[in-house]
Amino acid sequence: MNRKPIFAANWKMNKGVSETEDFIKSFLSKIQGQDFPAEIVIAPPFVSLPKLADLLHNANAVQNAHAIQIAAQNASQFDAGAYTGEVSVVMLRELYVHYVILGHSERRSIYGETDAVINAKIKKAREVNLKPIFCIGETLEEREGGKLETVLRTQITEGLKDVSEKDMLETVIAYEPVWAIGTGVTATSEQAQETHAFVRSVLADLYGADIAARIRIQYGGSVKPGNAAELMACPDIDGALIGGASLEPQSFMEIIRNGCAE
Ligand code: 13P
């Protein structure tokens with residue numbers, strides 16, 4: 001099955017407007033002339049989205065740079081109204097945003113997002129054709145307690161409740177073991193492949209094997225230039241969601257390059 005790998009930078013709460021500009025100028029010069037067989041996505045904080053859209057639009061027009069897609073890190077499950085601090089999916093579309101990260105473990109653990117809330121956000125995103133990057137993952141305690149499969153099956157089943165096959169084909173899954181996020185500890189490629197295969201089997205239960213074989217599943221958690229090739233060589237790993245190592249243009253470029261080397 002030919003699934004185009006997708007490498008997404010999740011900058012979390014890093015890089016305002018001027019740092020975004022510095023990053024993009026440097027990153028574009030590094031990827032210029034390289035034709036990676038992959039999709040490249042950058043998810044800056046909300047406030048940097050307009051600047052990113054401008055910079056990429058100009059770059060694409062002027063230098064025919066590798067097209068980079070823009071992602072948001074979150075979106076509201078509501079349309080509009082009295083929701084202080086929230087940003088709607090329609091607002092994101094106006095800023096040329098194509099992807100939205102939903103259900104990140106930091107949203108779950110720090111902001112109390114439940115599977116039901118994440119499910120509502122996924123469906124709201126699809127109403128305006130935003131592509132969800134739907135994050136799932138277990139804690140170390142859950143893995144060591146033998147609950148890995150139950151936890152992931154619940155997150156997937158509840159998060160995707162009433163999400164149609166058509167919408168599922170526009171959704172990317174990001175498997176991010178919580179214990180590997182920002183810790184420097186990566187899942188071994190065996191652990192990651194085994195878990196990705198399990199995630200795909202749950203998707204097959206829900207949507208059938210044909211659809212499951214077409215859904216991209218990214219790995220996230222301490223992905224670096226040095227481990228990208230080995231992880232991406234696994235048959236069920238279709239790209240990466242990268243935090244810390246995506247903040248430097250050189251290391252983000254190297255992750256993509258090494259990850260595409262397979
Ligand atoms: P790190 O790459 O910093 O471990 O973060 C992973 C992550 O949470 C991406 O969403």
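Counting starts at 1 for both ligands and their atoms, in listed order.
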Compute whether any side-chain donor of one residue and acceptor of the other, for Arg153 and Ser201, lie under 3.5 angstrom apart. no
Check each of Arg126, Lys131, Glu127 against Asn129 using the side-chain hydrogen bond (donor to acceptor under 3.5 Å, both in side chains) test, and report the only one that passes.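 Of the listed options, the one satisfying the test is Arg126.
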Closest protein heavy atom to atom 5 (O) of ligand 1, given as residue, atom name and distance to 0.1 Å: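 I find the closest protein heavy atom is Lys12 NZ, 3.3 Å.
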Evaluate Gly244 for polar contact with ligand 1, using N/O atom pairs at a separation under 3.5 Å. yes
Test your reading of the structure: does Leu241 have an N or O sitting under 3.5 Å from an N or O of ligand 1? no
Check each heavy atom of Asn10 against ligand 1 and say whether those closer than 4.0 Å belong to the side chain, the backbone, both or neither.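 Asn10 to ligand 1: side-chain contact only, backbone stays beyond 4.0 Å.
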Of the side chain and backbone of Ala180, name the one, both, or neither that has a heavy atom under 4.0 Å from an atom of ligand 1. backbone
To which of Lys224, Glu106, His104 does the heavy atom nearest atom 10 (O) of ligand 1 belong?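 It is His104 that holds the nearest heavy atom.
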Can an N or O of Gly182 be found at a distance shorter than 3.5 Å from an N or O of ligand 1? yes
Who passes side chain to side chain donor-acceptor pair (under 3.5 Å) against Glu176, sequence neighbours left out?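 Checked Glu176 against side chain to side chain donor-acceptor pair (under 3.5 Å); matches are His104.
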So is Ser222 touching ligand 1 or not, going by heavy atoms under 4.0 Å? yes
Distance-minimising heavy-atom pair for Ile70 and Leu95: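 Heavy atoms of Ile70 and Leu95 come nearest at CD1-O, 4.3 Å.
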the protein heavy atom lying closest to atom 2 (O) of ligand 1 turns out to be Gly243 N, 2.9 Å
Nearest non-hydrogen protein atom, atom 7 (C) of ligand 1: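 Result: Glu176 OE2, 3.1 Å.
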Taking all non-hydrogen atoms of both residues, which atom of Gly137 and which atom of Val151 are closest, and how far apart? O-CG1, 4.4 Å
Side chain to side chain donor-acceptor pair (under 3.5 Å) filter on Asn10, not counting sequence neighbours, yields none
Is the distance between the ring centroids of Tyr175 and His196 under 6.0 Å?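 Ring centroids of Tyr175 and His196 are less than 6.0 Å from each other.
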Element-labelled atoms of ligand 1 that are located less than 4.0 Å from some non-hydrogen atom of Gly221: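 Counting from 1, the qualifying ligand atoms are 4 (O), 6 (C).
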Under a 3.5 Å distance rule, please check whether Arg214 uses its side chain to pair with a backbone N or O of Leu169 as donor and acceptor.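 Such a contact is absent between Arg214 side chain and Leu169 backbone.
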